[in-house]
Amino acid sequence: MPGKTLYFLLFALYAAAVAGYAVHAVRRHSWLNRAALALVSGGVLLHTGLLVQRWLLAGYLPVTNLFATLFFFSWALALTFLYFELRYRLGATGLFVMLLNLLLLGSALPRDTKVPALIPVLDTPLFELHIIFSFTGYAMFAMAFALGVLYLVQARLATAALPELSLLRRLNEEAIFLGFGLFTLCMVAGGIWAHIAWGYWFSWNIKSVWSFLVWLFYAGMCHAKFVRRWHGGVYAWLSITGFGVVLFTYLGIGLLLESNHPLE
Amino acid sequence: MTDDRTLLQRLWNLGCSLKLAIYVASLATLLIMGGSLVMPAHPEIFGGMDAAPIGEWFAGAWARAPQLLWWLPLTALCLVIFGLNTLCCLVDWLIHLKARWRKAGEYLIHSGFLLLLVGYLWGNLAGFRSGPHRLAAGETLQLPTTQYALRLERFAPDFSAEGRPLDLVNEVALLHAGQEVARGTVRFNHPLLHDGLVILATSLDQRLTGFRCFLPGIGMVDLAPGSRVALPDGHTLGVLNLLADARQTGDGRVIPVGERLGNPAMQLLLLRPDGSSWQGWYFLREAPPLPLATTGAAPQPLQPLAGYVSLLTVNRDPGAGLALAGGGCLTVGVLFAMLSFYRKRARGDRPQV
């Protein structure tokens, strides 16, 4: 396994992109936006390469410790941002989203990058499916969180640097819709795996319970978009709250409580 | 009649109400959030939630700590109302299918959720969870409330270089009324599935199989049930039984207390050269019985000998099939909904860029 040089290079690429978006927010030169997007794209390519390299070296998708899950989550969030940026040209929203991504990657980098051997309890394709859908879903929820925050900022500032409120809201809805879909697939894969591993498809361990809460919350969000009175700030606040539930499920339980869920 | 129809219509509208869904789901969310944070603080109450069907667990736990559990029946009520609401929405959609067929993906997700709810209820009402059961190779276990029995034919745990168990390989055969109906290798992530039964490798343990002893005139010898040792003076010592943890009752019987090594006792048979015999129990932590001591045939226990036993869990969930169907509906529904979303986008119904 190579040293951390490439990981720090990846961090530098994303940090440079954040700087680019920050300057673009002030100076509004389109080349800054394009440069920042190129840096993000380069970062995603490097990120994907590192992930694939780790996967090939390990023989399995390496997401069995906190470094690995943070690294994967960061990759998924960068990819999610790239999707929204290329489809909708969000411009300065990249500042906040990539800053979030930088936090994820930054909290991963101090940790050991070594890939541990796969233990037999995790040796099943259902584990990889469960993880992939879980973190791509989380990435969409993180994107929705960012869009919710930006909605509230735009509602206060009404700046030309950010997209219109209606666009921010509709993108928020899209992120939540896609995130809910991906997280549903995560729950299905997890339920099948739980039945095979434990003999029951729903467990009352705290991680499983809070994963169900995340699913229920975002199921509610998918319905909340039809309530006209909630189209504005309420929906944005719900997006922000939802990500709090996600963070507690992903990090809070592992750091603060005990669970028999694998990887805790 | 008009009043009845109006009342029914209002009830139906309430049943299909989006706001009802949001309020009930929100309430369930808050109840579960709060309750789930109580759970880790009381492992003595909540630790066994997965070891039994939820109703069975709840009945026992409620008797002990109702103040910690009131949120559970309320949550169940919310989820039942949510389920009924989902069912009404689904039926309403089916009634208006011609106009709303494009929402098929979303309503497959609704169907999937309903199937999961019903599957969970059915599985917990009609199923069971048992174990972990300690089985050594060659032993057979009668499964609860069924005519099934499980025979463990071979048990081979796989250890890492540091001695950690990596995998547990169990060759098992499932019998029904004495006839073999299924067999397979049970290990992590590879249960044996048959007729709603799920047989899983859970863990391993050690079981006392014998004792290494010193016999005067013989030297080191491993004694286990079935062992026979010919002593130099013409006596023969045989081991009839071995208990890892035993005690003597008031009427002199020796009974097992547990499976873990505690106060071990060996049932011995001493055959004398003159044809007489003595049979009795020797508690290995105490002085040998007089007949053994006087003949010099008392084995001096040096170390216990242990073999591995498998710990197997056997569950039955009649609702698992429904739940799997629900998972299938959810999966297909998600894919349809996403396809429909992108199709709408491609047709021009997309955010202004």
Side-chain angles (χ1 to χ4, degrees), chain A residues 87-89 117 119-124 126-127 163-164 166-171 173-174 177-178 180-182 184-185 187-189 191-193 195-206 208-210 212-213 216-217 219-220 222-224 226-227 230 245 248 253 256-260, chain B residues 18-19 21-22 25-26 28-29 32-33 35-37 39-40 43 46 49-50 54 82 106 109 112-113 116 119-120 123 127 129 131 158 160 164 166-168 187-191 193 198-200 313-315 317 320 323-324 326-328 330-331 333-335 337-338 341 345 350-353:
Chain A
R87 274 181 78 86
Y88 303 114
R89 296 284 183 242
I119 52 175
V121 287
L122 301 179
D123 189 6
T124 166
L126 290 165
F127 160 65
E164 287 178 7
S166 59
L167 179 58
L168 284 170
R169 179 183 60 77
R170 291 183 73 178
L171 293 182
E173 288 171 8
E174 178 171 342
F177 166 73
L178 293 174
F180 174 73
L182 290 165
T184 300
L185 298 178
M187 296 291 278
V188 171
I192 296 172
W193 182 25
H195 187 68
I196 284 169
W198 298 332
Y200 38 84
W201 53 270
F202 180 78
S203 166
W204 284 94
N205 79 71
I206 193 153
S208 302
V209 169
W210 275 77
F212 173 65
L213 283 177
L216 195 62
F217 186 94
C222 289
H223 291 80
F226 296 112
V227 181
W230 291 0
V245 178
F248 182 77
I253 287 170
L256 302 171
L257 302 167
E258 278 182 32
S259 162
N260 70 340
Chain B
L18 178 66
K19 280 188 182 161
I22 292 171
S26 303
T29 301
I32 298 172
M33 273 183 182
S36 68
L37 296 176
M39 285 163 57
F46 296 98
M49 273 186 101
D50 288 328
I54 191 73
F82 191 49
E106 284 84 338
I109 294 172
F113 176 68
L116 285 172
Y120 184 78
R129 296 183 191 182
D158 187 21
S160 68
R164 258 188 334 123
L166 293 177
D167 206 348
L168 307 170
R187 51 187 180 91
F188 289 147
N189 293 314
H190 293 84
L193 303 171
V198 188
I199 296 154
L200 306 130
T313 297
V314 183
N315 293 346
D317 185 349
L324 184 63
L330 284 171
T331 303
V334 162
L335 295 174
M338 285 185 176
F341 175 84
R345 285 285 187 260
R350 59 177 289 162
Q352 294 303 309
V353 176

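Just so it is clear: chains get the letters A, B, ... in the order the sequence lines come, proteins before strands, and each one is counted from 1.
Remark: B:Leu335 CG to A:Thr184 OG1 distance equals 10.5 Å, nearest 0.5 Å. Atom OG of residue B:Ser36 and atom CD1 of residue A:Ile253 lie 7.0 Å apart, to the nearest 0.5 angstrom. Taken from CZ in B:Phe341 to CG in A:Leu178, the straight-line distance is 5.5 Å, to the nearest 0.5 Å. Atom CG in A:Leu216 sits 4.0 Å away from atom OG1 in B:Thr29 (nearest 0.5 Å). The line from OG of A:Ser208 to CG of B:Asp50 is 7.5 Å long, rounded to the nearest 0.5 Å. Atom CD of B:Glu106 and atom NE2 of A:His223 lie 9.0 Å apart (nearest 0.5 Å).
The choice from B:Leu168, B:Ile22, B:Thr313 that makes the most heavy-atom pairs within less than 4.5 Å of chain A is B:Ile22. When each of B:Ala337, B:Ala25, B:Gly112, B:Ala21 is scored by its heavy-atom pairs under 4.5 Å with chain A, the top score falls to B:Ala337. Of all the listed residues (B:Gly326, B:Ala323, B:Pro43, B:Gly328), the one sharing the greatest number of non-hydrogen pairs under 4.5 Å with chain A is B:Ala323.
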Notebook entry, point to check: Going through the checks in order, is the side-chain contact (heavy atoms from CB on, under 4.5 Å) test met by B:Met33 and A:Val209?
Noted result: CA-CA 9 Å; B:Met33 273 183 182; A:Val209 169; over 6 Å; no
Checklist line | A:Phe202/B:Asp317 under side-chain contact (heavy atoms from CB on, under 4.5 Å): CA gap, chis, key distance, verdict | finding: CA-CA 11 Å; A:Phe202 180 78; B:Asp317 185 349; over 6 Å; no
Next item on the list: Walk me through it: do B:Met39 and A:Ile206 pass the test side-chain contact (heavy atoms from CB on, under 4.5 Å)?
Entry: CA-CA 8 Å; B:Met39 285 163 57; A:Ile206 193 153; 5.6 Å; no
Checklist line | Step-by-step side-chain contact (heavy atoms from CB on, under 4.5 Å) determination, B:Ile54 to A:Tyr200 | finding: CA-CA 11 Å; B:Ile54 191 73; A:Tyr200 38 84; over 6 Å; no
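At a 4.5 Å heavy-atom cutoff, the contact between B:Ile32 and chain A is made by backbone and side-chain atoms alike. Looking at A:Trp204, both its backbone and its side chain come within 4.5 Å of chain B, counting heavy atoms on both sides. Heavy atoms of B:Leu116 lying under 4.5 Å from chain A belong to its backbone as well as its side chain. With a 4.5 Å cut-off on non-hydrogen atoms, A:Leu126 does not touch chain B at all. Heavy atoms of B:Ile199 lying under 4.5 Å from chain A are absent altogether. For B:Phe82, the part sitting under 4.5 Å from any heavy atom of chain A is the side chain, from C-beta outward, and nothing else. Only the side chain of B:Leu200 comes within contact range of chain A, with heavy atoms under 4.5 Å apart. With a threshold of 4.5 angstrom between heavy atoms, B:Arg187 does not approach chain A through any atom at all.
Shown here for B:Ala320 and A:His195, the closest heavy-atom pair between the two residues is CB-CE1, 3.7 Å. Between B:Gly119 and A:Trp201, the shortest heavy-atom distance links the atoms C-CZ2, 4.2 Å.
At a cut-off of 3.5 Å, with distance as the only test, no side-chain donor of A:Trp198 or B:Asn315 sits close to an acceptor on the other residue.
Take A:Arg169 and apply the salt bridge (charged side-chain N to carboxylate O under 4.0 Å, His left out) test, not counting sequence neighbours, and it matches A:Glu173.
Two residues are said to be in side-chain contact when any heavy atoms from C-beta on lie closer than 4.5 Å; A:Asn205 and B:Phe46 fail this criterion.
B:Asn189 places no side-chain N or O within donor-acceptor distance of the main-chain N or O of A:Ile196, the cut-off being under 3.5 Å.
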